[in-house]
Number of protein chains: 2
Amino acid sequence: MATSNTGVRTLLGSHRLPNPVPAGEYARCPATDVLRRVSDKWTLLLITLLGQRPYRFNELHRAVDGISQRMLTRTLRTLKSDGLVEREVFPTLPPSVEYRLTPLGVSLLEPLSALAGWAVDHHAEIEAARQRRT
Amino acid sequence: MATSNTGVRTLLGSHRLPNPVPAGEYARCPATDVLRRVSDKWTLLLITLLGQRPYRFNELHRAVDGISQRMLTRTLRTLKSDGLVEREVFPTLPPSVEYRLTPLGVSLLEPLSALAGWAVDHHAEIEAARQRRT
DNA sequence: CTGTATCCAATCCGATACTG
DNA sequence: CAGTATCGGATTGGATACAG
């Protein structure tokens, strides 16, 4: 299962990093960019929910306890502009809007799930380390 | 390779999320917690470098173009308190300090690498979606 | 060499009020 | 129902100066 790779595929796909890592390139590093996008407060949860089935706006609002309307809109807009989520408007009265993962969004579920799984498996160790507060 | 799992393992390991997701529990969701920690500006790069070999403080400072002394210290301290990195002081004159990944840190490389790989593979699609700016 | 301390700017996020 | 607009507090990160 584990490969012998101890590097992280980043900085345009190289396994060995240049030294020094150029500041200009790192600022646009795909891995860091994606990581930062996906790790804001609500994105992981919204991707998880939309990974199960499509949701309407207020349905998400009800499903996610504590999210503000502003943050729900903002997060969905960002996901859409990144091509991870698509938005379909049904011109009913009142209007209804459905959100669903795009194929690109679906493809993200697996690596994201792997990292989430690691977090679940090792969270106790991290907590223990924090308790030692050294 | 791909499983049929379309959920993300989160919220204490459940594959199906309760509805609504309780705000109090989500605030402590291990996956979100880990994702947010690992995605600050310099953490991914530092973990990547330390995944190759141990580094001394100034060696990291030189290797990472653009990082401030303050952020290098802060990021390493956080990684250490989370148990991902360990710090060894050699009482030479002047002192030298070596940082290396702990076994826990090493175990993070694989899922992090998977996500970084996804980012590298799909970054062009994300960029294209952003250009469409819809 | 390996840090701390201080200050400041930018961004993130929540609360609230309003709208087609 | 599905948003937008505005405000303000909290967090993040950079620059600079100082220290064991």
Side-chain angles (χ1 to χ4, degrees), chain A residues 20-21 23-24 26-29 32-33 35-46 49-50 54-82 85-100 134, chain B residues 20-21 23-24 26-29 32-33 35-46 49-50 54-82 85-100 134:
Chain A
V21 177
Y26 181 61
R28 288 170 211 92
C29 168
T32 301
D33 180 46
L35 212 52
R36 289 179 74 88
R37 287 284 186 142
V38 154
S39 66
D40 62 6
K41 184 163 183 186
W42 302 105
T43 295
L44 178 64
L45 179 50
L46 289 178
L49 286 167
L50 293 173
Y55 276 82
R56 283 181 303 106
F57 183 86
N58 262 15
E59 206 179 359
L60 283 172
H61 201 185
R62 283 187 298 271
V64 179
D65 194 16
I67 195 170
S68 65
Q69 225 166 20
R70 171 179 136 85
M71 287 312 296
L72 181 54
T73 303
R74 256 179 52 90
T75 306
L76 288 170
R77 285 287 187 275
T78 300
L79 286 169
K80 181 176 185 254
S81 80
D82 283 354
V85 158
E86 62 189 11
R87 175 178 184 271
E88 187 177 6
V89 181
F90 298 96
T92 54
L93 207 67
S96 84
V97 178
E98 195 171 278
Y99 292 90
R100 75 184 67 241
T134 56
Chain B
V21 176
Y26 180 62
R28 287 170 212 91
C29 167
T32 301
D33 180 46
L35 211 53
R36 290 179 73 87
R37 287 283 187 145
V38 154
S39 67
D40 63 8
K41 184 162 181 186
W42 301 106
T43 294
L44 177 64
L45 179 51
L46 289 178
L49 286 167
L50 293 172
Y55 276 81
R56 282 182 303 106
F57 184 86
N58 260 17
E59 207 178 358
L60 283 172
H61 202 186
R62 284 187 299 271
V64 179
D65 193 15
I67 195 172
S68 65
Q69 224 166 24
R70 173 179 135 85
M71 286 314 295
L72 180 54
T73 303
R74 255 178 53 89
T75 306
L76 289 170
R77 285 285 187 276
T78 301
L79 286 169
K80 179 175 186 258
S81 81
D82 284 352
V85 159
E86 62 190 10
R87 174 179 184 269
E88 187 176 5
V89 181
F90 298 97
T92 54
L93 205 69
S96 83
V97 179
E98 195 171 278
Y99 292 91
R100 75 183 67 244
T134 55

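Lettering follows sequence order; numbering is per chain, from 1.
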Sugar-phosphate only, base, or nothing, as touched by A:Thr73 at under 4.0 Å among non-hydrogen atoms: base
Touch class at under 4.0 angstrom, heavy-atom based, for B:Phe90 against every strand present: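 The residue B:Phe90 makes no contact with any strand.
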State whether the side chain of [X] and the backbone N or O of [Y] hold a donor-acceptor pair below 3.5 Å, judged by distance alone.
| X | Y | value |
| --- | --- | --- |
| A:Ser81 | A:Thr78 | yes |
| B:Ser39 | B:Leu35 | yes |
| B:His61 | B:Ile67 | yes |

Counting only side-chain nitrogens and oxygens, does [X] get under 4.0 Å of the OP1 or OP2 atom of [N]?
| X | N | result |
| --- | --- | --- |
| B:Tyr99 | C:dG3 | yes |
| A:Arg74 | D:dT4 | no |
| B:Arg56 | C:dC1 | no |
| B:Tyr55 | C:dC1 | no |
| B:Arg36 | D:dT11 | no |
| A:Lys41 | C:dG14 | yes |
| A:Arg62 | D:dC1 | yes |
| B:Arg87 | C:dG3 | yes |

To the nearest angstrom, how far is [X] atom [atom1] from [N] atom [atom2]?
| X | N | atom1 | atom2 | value |
| --- | --- | --- | --- | --- |
| B:Arg37 | D:dT12 | CZ | C1' | 13 Å |
| A:His61 | C:dG14 | NE2 | C1' | 11 Å |
| B:Asp40 | C:dT11 | CG | P | 17 Å |
| B:Leu72 | C:dT2 | CG | C1' | 10 Å |
| B:Arg77 | C:dT4 | CZ | P | 5 Å |
| B:Ile67 | C:dT2 | CD1 | C1' | 14 Å |
| A:Leu93 | C:dG20 | CG | P | 15 Å |
| A:Phe57 | D:dA2 | CZ | P | 8 Å |

Salt-bridge criterion met for A:Asp82 and A:Arg37 (N-O under 4.0 Å):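 So A:Asp82 pairs with A:Arg37 through a salt bridge.
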Check ion pair B:Arg100-B:Glu88 (N to O, under 4.0 angstrom):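 Salt bridge flag = yes for B:Glu88 with B:Arg100.
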Helix axis bend for the helix from C:dC1-D:dG20 to C:dG20-D:dC1 - C1'-based end axes, five pairs, 10° rounding: 50°
If you take all heavy atoms of [X] and [Y], which pair is closest and at what distance?
| X | Y | value |
| --- | --- | --- |
| B:Tyr55 | B:Ala63 | CE2-CB, 4.3 Å |
| B:Arg36 | A:Lys41 | NH1-N, 2.7 Å |
| A:Phe57 | A:Leu72 | O-CD2, 3.6 Å |

5'-most by nearest nucleotide on DNA chain C - A:Pro94 or A:Ser39: A:Ser39
Check: C:dG3 base within 3.5 Å donor-acceptor of B:Arg70 side chain: no
